[in-house]
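These figures come from a predicted structure and were not determined experimentally. Every chain is numbered from 1 and lettered A, B, ... according to where its sequence line falls, protein lines coming before strand lines.
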Amino acid sequence: MAIETITAAGTRRRARLPTLELLALVLVVAMLGRPVLASLVDQPALQTWSTMFVSITVQALPFLTLGVVVSGAIAAFVSTAWVAKELPKSDLLAVPTAGLLGMALPGCECGSVPIAGRLAERGVRPPAALAFMLSAPATNPVVLVATAVAFPFQPLMVVARLVASLATSVAVGLLWSRVGRDDWMQRGRSRAVEGDTRWQTFSFTARHDFLHAGGWLVVGAMAAATLQALVPRAVLDTLAGNEIAAVAALAVLAFVLAICSEADAFVAASLNQFSLTSRLVFLVVGPAVDIKLVALQVGTFGRRFALRFAPLTMLVAVVCAVVTGMVLR
Amino acid sequence: MDRATQGGLLLALGGVALRLGLTDASLAYVKPGLRPLLTATAVVLIALSVPALSSALRGQRRTDDLGGHGHGGEHGPGVAWLLLLPLLSLLLVAPPPLGAYAASRQSTPVVDTTVGTGPLPPEERGAVPLRLGQFLMLGTYDPGRSLEGVRVRLTGFVSEVQAGEGYTLSRFTVGCCAADARPVSIAVADDQAPPPPLDQWLEVEGVWRPREIVELGEVADGPPVLEAAQRTAIQAPAQPYDY
């Protein structure tokens with residue numbers, strides 16, 4: 001969304017590097033160094049690594065783009081005030097409603113953190129705002145289509161992902177309404193940057209979300225390619241062979257890699273040594289809690305909130321995914 | 001990353017996506033069906049780059065830097081610089097389709113569940129063309145032993161060489177993109193010297209070496225064997241994977 005989580009305008013401003021010129025310089029140097037680069041990648045292991053890395057990135061690119069176009073459109077055309085007004089007032093009703101609403105309002109997970117912040121500022125009770133924050137990036141149509149494309153022979157994966165992610169968002173929301181304290185959340189830290197026109201808001205949001213999510217997609221693709229091409233087979237097989245180790249490993253991986261939810265299904269599909277349940281854990285944990293989200297939540301709601309919310313979410317997400325995986329197997 | 005650079009990066013990515021969408025270059029990484037989506041992606045990325053670049057061209061970078069207008073103080077996320085990595089890999093190295101190294105890191109699935117045991121396709125140029133998955137399936141599980149005595153033609157790359165005896169012929173089957181590809185491999189008995197080099201694509205004609213057929217779901221003690229009568233080295237096909 002068209003929001004920057006910079007606490008006070010200008011505190012992050014540094015002496016500007018001429019970055020466009022830097023980009024051009026990198027491109028020229030790389031072109032000149034092409035023979036050297038090509039011979040470096042001549043090694044079969046590196047070749048395999050680069051093929052897998054590029055494959056995941058290219059496969060995810062259209063879905064990422066669709067996702068940012070939709071989130072840009074929502075930033076430009078849907079008002080949070082309307083959502084705040086329409087949500088029921090009691091937590092018991094508002095939390096599931098907000099969870100379901102997430103299915104209809106797609107957005108990148110990084111986008112949904114500031115939306116939740118804005119919802120809370122507009123009077124939505126925190127548990128409902130948080131349920132929306134967890135559900136929107138994990139259950140929206142773009143993500144479900146991407147998951148179906150990534151798992152062409154396991155259509156149940158889409159259902160499992162939807163069910164487990166919805167369950168996670170509602171369960172965390174309801175738990176938070178029991179144990180959460182409002183003073184853990186700082187308000188008014190997010191700052192909306194909106195354009196003069198809807199088109200400006202749209203193009204700013206879409207561009208910003210694309211570059212942010214794209215960068216993290218590259219991190220995820222590099223890690224998946226490394227697992228597949230460079231980590232010794234024996235290590236992977238041991239990890240994947242023990243279900244508990246596999247679930248733990250992929251939960252940690254999802255936290256560390258911070259891949260955007262529109263792209264993470266392709267990384268999960270590439271981890272084909274691992275069981276479907278452990279890969280479901282990867283898909284449910286990733287959009288709910290990861291390094292990048294914790295950083296954003298610290299920026300939006302404050303440290304006291306994030307330190308309590310992240311472990312709670314991780315625990316609930318793993319439990320929901322494992323239970324769903326066992327039921328649907 | 002300032003706004004002009006964001007625009008430049010989006011434009012470059014859009015250009016690469018356009019090439020992938022319009023040429024066969026993408027087939028080393030994804031299924032052919034993704035190509036129209038890649039073209040559409042390219043159009044969107046280029047369209048998104050235009051406002052950023054045009055404001056820079058109009059000399060607004062300065063006003064932006066001073067935070068005086070609209071999205072003042074806009075810093076693109078630093079993590080976006082990583083997008084240069086796939087961009088440069090595609091521009092400079094163009095990673096090749098997966099080959100012998102990748103095949104050696106994965107075990108062959110015992111059953112290729114995507115291929116049924118239909119009737120054999122008609123003969124072409126003196127032999128029945130079969131996908132490796134079909135040969136694996138029929139040669140391991142077909143109770144009708146329909147391969148017996150039939151001259152077949154298989155296409156794949158050499159993933160392992162057993163000097164003096166033959167080699168393993170493989171081709172990857174892709175579910176979604178090359179990152180989840182699984183190799184389908186069969187054994188070729190071929191003592192013609194010299195043996196082909198690793199990663200060489202071959203068309204091999206020959207006859208199935210009869211063996212005991214196992215029940216579907218049971219594990220066979222090895223891949224089926226093709227007794228080679230003739231092998232031809234070929235260029236890697238434009239579509240390197242089976243889908």
Side-chain angles (χ1 to χ4, degrees), chain A residues 6 9-10 12-13 16 19-20 22-24 26-27 30-31 34 37-38 41 44-45 47-48 50-59 61-62 65 69 149-153 193 195-196 200 203-204 206-208 210-212 214-216 218-219 221-222 224-225 228-229 233 266 269-270 272, chain B residues 1-2 4-6 8-10 12-13 17 20 26 28-30 34 37-38 40-41 44-45 48 51-52 56 65 67 70-86 88-93 95-102 105 113-114 175-180 182:
Chain A
I6 299 171
R12 293 253 313 263
R13 198 161 296 146
R16 286 300 174 93
T19 50
L20 183 63
L22 196 61
L23 178 68
V26 167
L27 287 175
M31 292 285 180
R34 183 173 176 159
L37 281 172
V41 186
Q47 242 174 30
T48 303
S50 57
T51 304
M52 290 187 163
F53 165 63
V54 167
S55 296
I56 296 176
T57 322
V58 170
Q59 175 72 40
L61 199 60
T65 309
V69 165
V149 171
F151 290 91
F153 306 122
V193 179
D196 304 335
Q200 279 181 3
S203 85
F204 171 81
R207 186 172 78 239
H208 187 272
F210 178 86
L211 291 169
H212 199 263
W216 281 102
V218 170
V219 174
M222 287 197 291
Q228 290 304 325
R233 270 292 297 283
F266 304 110
S270 79
N272 52 16
Chain B
M1 186 180 279
D2 63 27
T5 317
Q6 296 177 27
L9 186 56
L10 284 174
L13 282 169
L20 288 174
S26 53
Y29 318 116
V30 294
L34 199 73
L37 289 180
L38 282 169
T41 301
V44 173
L45 292 183
L48 286 178
D65 289 352
H71 321 301
E74 173 184 338
H75 257 306
V79 72
W81 281 104
L82 287 176
L83 282 166
L84 277 175
L85 285 174
L88 292 177
S89 324
L90 278 164
L91 280 178
L92 303 178
V93 183
L98 297 176
Y101 176 82
R105 288 185 50 91
T113 46
T114 60
C176 170
C177 68
D180 72 356
R182 285 186 165 273

Quick check: closest heavy atoms across [X] and [Y], and the distance to 0.1 Å?
{"X": "B:D180", "Y": "A:A150", "value": "OD2-O, 4.2 Å"}
{"X": "B:R182", "Y": "A:N272", "value": "NH2-O, 3.2 Å"}
{"X": "B:A28", "Y": "A:S55", "value": "O-OG, 4.4 Å"}
{"X": "B:P51", "Y": "A:S203", "value": "CG-OG, 3.9 Å"}
{"X": "B:A17", "Y": "A:L61", "value": "CB-CD2, 4.2 Å"}
{"X": "A:M52", "Y": "B:A178", "value": "CE-O, 4.4 Å"}

Checked B:S26, B:G8, B:A52, B:A12 vs chain A; the most non-hydrogen pairs under 4.5 Å come from B:A52

I need the residue from B:L84, B:L85, B:L20, B:L88 with the largest number of non-hydrogen atom pairs under 4.5 Å to chain A. B:L85

Please identify each residue that fulfils ring-ring contact (aromatic ring centres under 6.0 Å, His included) with A:F53, with sequence neighbours left out. A:W49

Test of understanding: with ring-ring contact (aromatic ring centres under 6.0 Å, His included), list the residues that count as partners of A:F266, not counting sequence neighbours. A:F63

Roughly how far, to the nearest 0.5 Å, is the CZ atom of A:F210 from the CG atom of B:L83? 6.0 Å

If you round to the nearest 0.5 Å, how far is CG of B:L82 from CG of A:L211? 11.5 Å

Let's test your reading of the structure: which of A:T48, A:I56, A:V26 forms the most heavy-atom pairs below 4.5 Å with chain B? A:T48

I'd like to check [X] versus [Y] (side-chain heavy atoms, cut-off strictly below 4.5 Å). Are they in contact?
{"X": "B:P97", "Y": "A:T51", "result": "no"}
{"X": "B:C177", "Y": "A:V58", "result": "no"}
{"X": "B:L37", "Y": "A:T65", "result": "no"}

From the options B:L45, B:L10, B:L9, select the one residue that forms a side chain to side chain contact (heavy atoms under 4.5 Å, CB included) with A:R207. B:L10

B:Y101 side chain vs A:A229 backbone, donor-acceptor pair below 3.5 Å: yes

